[in-house]
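Structure record follows, encoded as structure tokens.
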Amino acid sequence: MRQMLTFAAVGVVNTATYYCLYLLFLTGLPYLAAHILAFTLAMVGSFFLNARFTYRTPPTWRKFLLFPLTNVTNFLITTAGVYLIVDVLHAGSRFAPLVASAAAIPVTYVVSRWVMLPKSIA
């Protein structure tokens, strides 16, 4: 239970980091480029926060290189969601990433646990 709550708290920090970077990059980049760049930078921070606080495991190059797997589903869902919200529904790009990101959280947790604690089963 502690792990899930910590994962959620790290997710809130990660989402806030991502969103702030997204808004910053949105001032000079198209929304998809802003999304991809902000997502990548926030993912690096998420790796270190999850290693230290959620899973209490030392960060290694192996885990760091595998960690993007934890976000592949998240990335695909949020990118498709942002596109759907902005280009199909014409709802605007400002809040689209926040709305689009919620559905992938459970899958991200399971894959993250598998990468960070390879001997455990999620």
Side-chain angles (χ1 to χ4, degrees):
M1 185 59 139
R2 182 206 61 82
Q3 247 180 24
M4 291 178 75
L5 292 173
T6 306
F7 183 80
V10 167
V12 169
V13 170
N14 184 52
T15 300
T17 300
Y18 159 78
Y19 190 58
C20 288
L21 289 171
Y22 173 76
L23 292 177
L24 175 70
F25 297 145
L26 194 58
T27 62
L29 296 172
Y31 75 90
L32 279 178
H35 165 67
I36 291 167
L37 186 56
F39 191 94
T40 302
L41 292 173
M43 185 173 53
V44 171
S46 178
F47 168 74
F48 288 105
L49 290 173
N50 275 303
R52 171 70 176 98
F53 298 108
T54 304
Y55 303 111
R56 298 179 183 180
T57 184
T60 65
W61 279 108
R62 179 189 173 281
K63 292 174 190 172
F64 182 76
L65 294 174
L66 287 174
F67 193 74
L69 293 176
T70 68
N71 288 298
V72 168
T73 300
N74 186 312
F75 180 78
L76 293 174
I77 290 170
T78 57
T79 301
V82 167
Y83 173 79
L84 177 72
I85 291 165
V86 174
D87 282 347
V88 176
L89 301 176
H90 306 289
S93 60
R94 196 161 186 80
F95 296 105
L98 297 177
V99 174
S101 66
I105 292 170
V107 174
T108 303
Y109 173 74
V110 169
V111 178
S112 173
R113 186 172 163 86
W114 174 77
V115 167
M116 301 302 273
L117 303 172
K119 292 182 177 106
S120 70
I121 298 174

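Quick caveat: nothing in here was measured; it's all calculated off a predicted structure.
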Distance check, rounded to the nearest 0.5 Å: Ile36 atom CD1 versus Leu41 atom CG? 12.0 Å

Tell me whether Val44 shares a hydrophobic cluster with Phe7, the cluster being built from Ile, Leu, Val, Met, Phe, Trp, Tyr side chains joined at under 4.5 Å. yes

Approximate separation, where rounding is to 0.5 Å, of Trp114 CH2 and Leu66 CG: 6.0 Å

Rounding to 0.5 Å, atoms CG (Leu98) and OG1 (Thr78) come to a distance of 11.0 Å

Check whether Asn50 reaches the backbone of Ser46 with its side chain - one donor and one acceptor, N or O, closer than 3.5 Å. yes

Hey, quick one: are Phe39 and Val13 part of the same hydrophobic cluster, counting side-chain heavy atoms closer than 4.5 Å, chains of contacts allowed? no

Applying a strict under-4.5 Å side-chain criterion to I, L, V, M, F, W and Y, I'd like to know whether Val10 and Met116 cluster together. no

Non-hydrogen atoms of Val82 and Ala100 that approach each other most closely: N-CB, 3.8 Å

Atom pairs and distances, side-chain donor-acceptor, residues 19-27, under 3.5 Å, sequence neighbours left out:
unit_1	atom_1	unit_2	atom_2	d
Tyr19	OH	Arg94	O	2.7
Tyr22	OH	Ser93	O	2.8
Thr27	OG1	Leu24	O	2.6

Check Val111 against Thr70 and note the closest heavy-atom contact, atom names and distance. CG1-CA, 3.5 Å

Could you pull out the closest heavy-atom pair between Pro68 and Leu65, with the gap in Å? CD-O, 3.3 Å

The side chain to side chain contact (heavy atoms under 4.5 Å, CB included) partners of Val12 (sequence neighbours excluded) come to none

With Phe67 via ring-ring contact (aromatic ring centres under 6.0 Å, His included) - residues at least two apart: Phe47

Output for pair (Thr54 OG1, Met4 CE), nearest 0.5 Å, gives 11.5 Å

Give the ring-plane orientation class for Phe75 versus His35, where under 30° counts as parallel, over 60° as perpendicular and anything between as tilted. parallel

Decide whether Leu49 and Tyr109 are clustered together by the hydrophobic rule: side chain heavy atoms of Ile, Leu, Val, Met, Phe, Trp, Tyr closer than 4.5 Å, transitively. no

Same apolar cluster: Val86 and Leu37, side chain cutoff 4.5 Å: no

Asp87 side chain near Tyr31 side chain, heavy-atom distance below 4.5 Å: yes

Going from CE on Met43 to CZ on Phe64, what distance comes out if it is rounded to the nearest 0.5 angstrom? 7.5 Å

